[in-house]
Amino acid sequence: CAQLLDEHCDCDFVDLNCGCPIDILCQKGAGSKMLDRPTKVMTILRGMSKVLSKPVTIKMRTGADEKAPIAHKFMPRLAEWGAQAVTLHGRSRQQRYYRSANWDYISY
């Protein structure tokens, strides 16, 4: 899929979306549910960065549960896995879009 984007789409970068909290996607292991599987995220980022001539970025949430954030565990490894930029959504999957972002966690 990444190779098709690279060959047929005019874009500046390609983003791996690990931030979507929507149930139908998470039930299939996509969106923010991917944060439960770091090895899968690593494999996808490495594969994308090998075939793309454009930068690979990742969007993610703080984690699944607002009381147990995990994004800080990913941060040191994302560049090694091929991500050139990270967008951190300041809410967990559980918080969806409705509760206030955890600004203290983001500033960590």
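Numbers here simply count residues along the sequence, with the first being 1. For the numbers below, each heavy atom of this structure counts, side chains included, while hydrogens, waters and symmetry mates do not.
Of all non-hydrogen atoms in Met34 and Asn17, the two that sit nearest each other are CE-O, 4.0 Å. Between Trp81 and Val41 the shortest heavy-atom distance is CZ3-CG1, 4.1 Å. In plain terms, the two heavy atoms of Pro55 and Asp12 that are nearest each other are CD-O, 3.2 Å.
For the pair Leu16 and Thr57, the minimum side-chain heavy-atom distance is 4.5 Å or more. Between Thr87 and Met60, the closest side-chain pair of non-hydrogen atoms is not below 4.5 Å. At a threshold of 4.5 Å between non-hydrogen side-chain atoms, the residues Tyr105 and His72 count as touching. Annotation: side chain of Leu88 is in contact with side chain of Met75 (closest heavy-atom distance under 4.5 Å).
A donor-acceptor pair is defined here as one N or O able to donate and one able to accept, closer than 3.5 Å; such a pair exists between the side chain of Ser92 and the backbone of Glu66. Between the side chain of Arg61 and the backbone N or O of Gly90 there is no donor-acceptor pair closer than 3.5 Å. With hydrogens and angles disregarded, no donor-acceptor distance shorter than 3.5 Å links the side chain of Arg93 to the backbone of Ala64. The backbone N or O of Pro21 sits nowhere less than 3.5 Å from a side-chain atom of Tyr97 that would complete a donor-acceptor pair. A donor-acceptor distance shorter than 3.5 angstrom exists from the side chain of Gln95 to the backbone of Ser100, with no hydrogens or angles considered. Between the side chain of Ser32 and the backbone N or O of Cys20 there is at least one donor-acceptor pair closer than 3.5 Å.
Of the charged side-chain nitrogens involved, at least one lies within less than 4.0 Å of a carboxylate oxygen, so that Asp23 and Arg96 count as a salt-bridged pair. Salt bridge status for Asp6 with Lys54: present, with a side-chain N to carboxylate O gap under 4.0 Å. In summary, Glu80 and Arg46 engage in a salt bridge, as defined by a charged side-chain N under 4.0 Å from a carboxylate O.
Remark: of the listed residues Val56, Val14, Ile44, Val56 is the sole one forming a side-chain contact (heavy atoms from CB on, under 4.5 Å) with Ser49.
Taken to the nearest 0.5 Å, the CG atom of Leu5 stands 12.0 Å off from the CZ atom of Phe13. For the atom pair CG of Asp15 and NZ of Lys59, the computed distance is 5.5 Å after rounding to the nearest 0.5 Å. With values rounded to the nearest 0.5 angstrom, Lys50 atom NZ is found 12.0 Å from Leu45 atom CG. Between the CD atom in Gln84 and the CD1 atom in Ile58 there is a gap of 13.0 Å [rounded to 0.5 Å]. In this structure, Thr62 OG1 and Ile106 CD1 are separated by 8.0 Å, a value rounded to the nearest 0.5 Å.
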